[in-house]
Amino acid sequence: MGHDYKAVQWSPFKRLYDAALALGVLSFIGVFVAASILASPVEAGGREAAAPIQLLIRATGAAGFGLLTLILAIGPLARLTRTAAPLLFNRRHLGVACFLIALAHGSLVTLWYHGFSDLNPLVSLLVSNPRYDSIRGFPFESLGLAALLILFVMAATSHDFWNATLGPRLWKSVHMAVYPAYALLLAHIFLGAIQNETSPLYPLLAGGAAALVAGLHLTAGLKENAIPRSVARTGEWIRVGPPHDIPDGRARIVTPPRGERIAVFRDGARIHAISNVCRHQGGPLGEGRIIDGCVTCPWHGFQYRPSDGCSPPPYSEKIATYRTRLVDGEIEVEPDPLPPGTPVDATTLPEGRR
Amino acid sequence: MSRRPKSPPEAEADPFFVGWAPAAPVHRRTLLVSAGATLLAGAGVSAAIASQQAPVGPGGWDTQVRSWTGWLQRTPYPSLLIREDDGALRTAWLAGMGKQSVAPIIPEGLSGAVTVQGSLIARGPHRMIAGTGAPDWIAASPDAPPTPDPGYEEEIGAALIFGEVLDAKCWFGAMKPATGKTHKACAALCARGGLPLAFCDERSCGDALAAPLFLDADGRAHTADILPFVADPVAARGTLVRVRDTVQFRVAVSSLRRV
């Protein structure tokens, strides 16, 4: 578990990121409202534009869906290219912003379409359309409400406090619900707003967004699977390769016949092997590098000493370590993990092989 | 967590992003370029989505409260018959400020000429007055001439129309847009509240100027039986009837078919 928690850890980079996020959301909504008014026909009585609240309902709906698409695209993009790593770092703020936009959308819908009557707006939201047996008539509002509830749970538990409290595995499972939420939103759009419109642009854009997200995940998954699962040689040990094939401070990832992947790091003349899975959010440690003597996760910068898999004090995260050895000029790693935090002697390279 | 070690010199040669460490110029550049590209793409998509929206129609709600004097009609929905400058009688339907009928707040026994305080919702030839609901929002107007003769009914003919049952208040201009599935819940609340219903042809629900009043086969307001069909695409078979300046589409609920 981490040492302490603050509501938000700010840095100039994060401020820049959040400023760009705010500017992006505001400009999207602003352009939407302006373009809607400018595109509306002009008649004798003035422009026939939609009501301001209804414009905001549409703008926030489109912005929320677009932002969630972006959020889901960043993950696989960061796996496909290191260039995108800085975008991944602050993705949680994107998620919280997405929830707030979705909340604004849902609140405006509930107020405008379900309010001003003697029926409770929330009751109206749930009972106004009972046609669950029809695709065309399906009450799409319930799908949006379900997605909003998922986004709320994710936003509410986005802080590292909840990661540490729930444990990384459960926390990750909870946050994988973003995919069902995205599917619910797609259904919400296709069974709702798109049915009201005649332009083919809307199904093309929504379908294109879903195809983009699916395509990026598929490509990143194929890249992951391209790392072959190793076959044990020399008893149970796995051959990693010549030490000088691993750049200094970097790692090679190997996949044992069973269990989690192993990140084999070269730190100058020393070879260490640790679990490839960061305790924080499951980030790929083998894609990180050694900074200040610690393996540093590429996702959020969590650090571990390569010698024992422990985070440096005052932090308390631990990951599994592995034994390594040098055989015939090649590194080998034992596939069975040692308990998290177990110190292991590094394999020291002879002078000529450094 | 707070971790702020120095950036190692080799980071300059092999940039590696660490969120808590001072960002290398290349990472700031990545963020700015990505943000700029996303912003431009987002603005383009936003403009494209906005410009392709279906028309919302010409209606509007002038929220300024004014007075109208005319003759109160209670059926099929509360309305006011107003004498225009050219001498013609024109119907203005009466509604509440929300999604309720004004029928319950019209004093019992009130009839004949009245003055109404409210704001005007108008679309094409249609008029609706949203009463303020204040205690004196409607009052007898004894100085007005006697109530004119009730208008005679002129049957236009039988009709089969593919379209949508609308709540007239929203469609006249209280909401824009006021048709289709996204508006179904609102339309159902208005219908449930006893507001006038109308019927639009599916080809012009969005931008038509006029729509007939939607009544049952006997020319009365529909009951709650209509609620499941409100805002759904339906085929309606019934009779078109003209009463004064209003066209009515009289349809039995049993003859409605979803399409």
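Heavy atoms from other residues, nucleotides or ligands lying under 6.0 Å from CG of A:Leu204 number more than 12. In this structure, B:Arg258 places its CZ atom where more than 12 heavy-atom neighbours from other residues, nucleotides or ligands lie under 6.0 Å away.
Here CG of A:Asn196 is found 11.0 Å from CD of B:Gln53. Values are rounded to the nearest 0.5 Å. One distance of note links CZ of A:Arg82 with CZ of B:Phe16; it measures 7.5 Å at 0.5 Å rounding. Atoms CG and CG, on A:Leu23 and B:Leu39 in that order, are 5.0 Å from each other to the nearest 0.5 Å. Atom OG1 of A:Thr83 is separated from atom CZ of B:Arg29 by 11.0 Å, given to the nearest 0.5 angstrom. Rounding to the nearest 0.5 Å places OG1 of B:Thr38 at 5.5 Å from CG of A:Leu70. Residue B:Arg28 holds its CZ atom at 9.0 Å from CZ of A:Phe13, rounded to the nearest 0.5 Å.
Under a 3.5 Å cut-off, the side chain of A:Gln54 and the backbone N or O of B:Pro177 do form a donor-acceptor pair. Remark: side-chain polar atoms of B:Lys184 are not paired, donor with acceptor, to backbone N or O of A:Ser128 under 3.5 angstrom. A donor-acceptor distance shorter than 3.5 angstrom exists from the side chain of B:Ser46 to the backbone of A:Phe32, with no hydrogens or angles considered. Of the possible donor and acceptor atoms, none in the side chain of A:Glu48 sits under 3.5 Å from a partner among the backbone N and O of B:Gly59. Of the possible polar contacts, none joining the A:Asn129 side chain to the B:Ala185 backbone as a donor-acceptor pair under 3.5 Å is found.
Counting heavy-atom pairs closer than 4.5 Å to chain A, the top-ranked of the candidates B:Gly36, B:Ala35, B:Ala231, B:Ala43 is B:Ala43. Ranking B:Met97, B:Lys99, B:Arg192 against chain A, the residue ahead of the rest is B:Lys99, based on heavy-atom pairs under 4.5 Å.
With a 4.5 angstrom heavy-atom cutoff, A:Ser40 does not touch chain B via any of its atoms.
Under the 4.0 Å criterion applied to side-chain N and carboxylate O atoms, A:Arg136 and B:Asp232 are not assigned as salt-bridge partners.
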